[in-house]
Amino acid sequence: MKLKQLQEATTFIAEKLQERPKIGLILGSGLGMLADEIEQPVKIKYQEIPGFPISTVEGHAGQLVCGKLNGSAVIAMQGRFHYYEGYGLDAVTFPVRVMKALGVEKLIVTNAAGGVNHAFKPGDLMLITDHLNNTGQNPLIGPNDPEQGVRFPDMSTAYDRKLQQLARDVAQSIQLDLKEGVYVWNTGPTYETPAEIRMLQAIGGDAVGMSTVPEVIVARHVGIEVLGISCISNMAAGILDQPLNHEEVIETTEKVRGAFLDFVKAILAKLA
Ligand code: HPA
């Protein structure tokens, strides 16, 4: 990560904003429309921002949307960068460092994930209580800049306990049956084999996906508190006797869009 790029991107964005965002939102596949509800939005296409990679995958719009959402000053990534697209993890996590430089204190990360836990069903929302990095990759490999964070960051509360409790309380207040569990990061782009899913069950995974963990690692490195929510878009490979595809993932996330929106907005109202 180049400090100059970080400064350039931060200045470029800050100049366009009336108010510094306090809460970052990273919106996963099929969940990007939350950003469409931001009031008086300032939209900045990724390709305009110095140092930003450009999003390529279908279902991802590729822009920052900044403004107010339910009383909170937010900066939302409508579309994120995935390791499987060929970006280095520096690029994947660059926007999180920019968020920190802009003043973000809390990050809400969302994703579409396969249900590994048999008790889940497609359409469920899962509070991420912890993660398993199943890739052997880490965005912090390389020289450490002590201005950004410590060499060996603690991951024992990667997902902030107070934010988890707030999410539980909000879910209860809107009668949302919020599931909870451990999110496993695999690189993708292949979905898993049934044997791999049995392994993930054995090692304590509840949901599996191809994102989120690198961003969370970097958020913790720079001292941002994290709340993670997965939309269970499908049951993982081998659980139901049917093939997996991206269309199903998008279809399910679109179906629960309403519930997801209400949930995140109610959380933001509590944080305002
Ligand atoms: N596996 C990995 N990533 C995913 C899945 C899955 O089943 N569903 C959505 N993202």
Side-chain angles (χ1 to χ4, degrees), residues 25-34 55-62 77-87 89 92-93 108-137 139 158-159 178-217 228-257 259-261 263-264:
L25 293 165
I26 301 181
L27 305 172
S29 304
L31 303 170
M33 70 294 149
L34 181 60
S55 185
T56 56
V57 81
E58 281 172 63
H60 295 259
M77 286 183 75
Q78 207 169 25
R80 60 148 62 86
F81 304 104
H82 298 89
Y83 188 58
Y84 64 74
E85 293 175 87
Y87 300 112
L89 289 176
V92 169
T93 57
I108 303 180
V109 280
T110 69
N111 57 54
V116 170
N117 184 326
H118 284 251
F120 294 172
K121 55 186 186 311
D124 279 344
L125 297 180
M126 184 191 89
L127 174 68
I128 304 177
T129 55
D130 206 344
H131 73 225
L132 283 165
N133 180 352
N134 195 41
T135 66
Q137 306 293 327
Y159 301 85
L178 182 64
K179 304 292 197 279
E180 296 192 10
V182 173
Y183 176 87
V184 183
W185 174 38
N186 277 346
T187 64
T190 50
Y191 291 115
E192 297 71 26
T193 63
E196 285 164 344
I197 294 304
R198 290 193 297 275
M199 176 186 77
L200 297 185
Q201 282 159 349
I203 64 174
D206 294 293
V208 58
M210 308 175 192
S211 69
T212 301
V213 168
E215 294 103 314
V216 171
I217 289 172
I229 304 164
S230 290
C231 168
I232 304 301
S233 55
N234 57 282
M235 291 314 287
I239 295 182
L240 306 174
D241 195 17
Q242 62 187 42
L244 273 51
N245 62 70
H246 187 59
E247 287 66 41
E248 182 195 0
V249 169
I250 296 296
E251 232 173 74
T252 310
T253 50
E254 280 174 358
K255 265 188 221 150
V256 293
R257 160 186 293 194
F260 172 80
L261 283 182
F263 183 40
V264 177

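We count ligands from 1, going down the list as the structure has it; atoms in each ligand are counted the same way. In this chain, numbering begins with 1 at the start of the sequence shown.
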Candidates Val249, Asn111, Asp124 - the one meeting side-chain contact (heavy atoms from CB on, under 4.5 Å) with Ser233 = Val249
message = Just to be sure I understand the cut-off, which residues have at least one non-hydrogen atom under 4.0 angstrom from an atom of ligand 1?
response =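 The answer is Ala112, Ala113, Gly114, Tyr191, Glu192, Val208, Gly209, Met210, Ser233, Asn234, Leu244, Val249, counting any residue whose heavy atom sits under 4.0 Å from ligand 1.
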query = Looking at side-chain heavy atoms only, is the closest gap between Asp130 and Tyr183 below 4.5 Å?
reply =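 Result no, sub-4.5 Å side-chain heavy-atom pair not found.
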key: Side-chain touch Met199/Val116, heavy atoms, less than 4.5 angstrom   = no
request  = Specify the closest pair of heavy atoms between Phe120 and Lys179, including all atoms of both residues, with the distance to one decimal.
outcome  = CE2-CB, 3.6 Å
inquiry  = Can you give me the closest heavy-atom contact between Leu34 and Val264, atom names plus distance?
reply    = CD2-CG1, 3.5 Å
task = Any salt bridge (charged side-chain N to carboxylate O under 4.0 Å, His left out) involving residues 231-240? Give me the pairs, sequence neighbours left out, ordered by first then second residue.
result = none
